[in-house]
Amino acid sequence: MSMIRRLDHIAIAVPELQEALKRYGEDFGIPLEGQEDVEQQHTTTAFFPISGTRIELIHPMDGKGPVAKYLEKRGGGLH
């Protein structure tokens with residue numbers, strides 16, 4: 001049986017990016033490493049480094065794409 005030894009990142013789909021940025025930055029005390037627009041996926045991604053991995057908050061840029069569909073179907077959460 002194999003054990004998980006490391007995670008590259010954890011992606012979390014968020015319906016409200018600014019609210020999520022505030023929560024992770026202020027409430028949880030995790031510094032924002034940066035943001036990136038990923039045109040092909042129609043998303044904006046915010047990066048929060050934490051102990052050898054990253055939390056990535058992903059938000060649909062224009063209400064289109066796979067993350068928008070995910071949020072419509074399931075709401076925010078691990079993606």
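The shown structure was predicted, so the numbers you read here are calculated from the model rather than taken from an experiment.
For the atom pair CZ of F47 and CD1 of I55, the computed distance is 13.0 Å after rounding to the nearest 0.5 Å. Annotation: the span from R74 atom CZ to H79 atom NE2 amounts to 8.0 Å, rounded to 0.5 Å.
The shortest non-hydrogen separation linking F48 to P31 is CD2-O, 3.4 Å. The nearest pair of heavy atoms linking P60 to V67 is CD-CG1, 3.8 Å.
The list of side-chain hydrogen bond (donor to acceptor under 3.5 Å, both in side chains) pairs with a residue in residues 11-34, not counting sequence neighbours, is empty.
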Worksheet entry | side-chain contact (heavy atoms from CB on, under 4.5 Å) between Q35 and L17, intermediate numbers included | CA-CA 11 Å; Q35 285 183 240; L17 183 59; 3.8 Å; yes
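The closest side-chain heavy-atom distance from M61 to E39 is below 4.5 Å. Inter-residue side-chain proximity for E36 and V38 is flagged as met; some heavy-atom pair is nearer than 4.5 Å.
The hydrophobic cluster containing L71 does not contain L78, counting ILVMFWY residues as joined when their side-chain heavy atoms lie under 4.5 angstrom apart, directly or transitively. Linking ILVMFWY side-chain heavy atoms closer than 4.5 Å, directly or via other members, places I58 and L21 in two distinct hydrophobic clusters.
In this view, T44 and D37 satisfy the side-chain hydrogen bond (donor to acceptor under 3.5 Å, both in side chains) rule, not counting sequence neighbours. Scanning for side chain to side chain contact (heavy atoms under 4.5 Å, CB included) contacts around L7 gives I4, I10, T53, with sequence neighbours left out.
A donor-acceptor pair under 3.5 Å is absent between the side-chain atoms of H9 and the main chain of R54, judged by distance alone.
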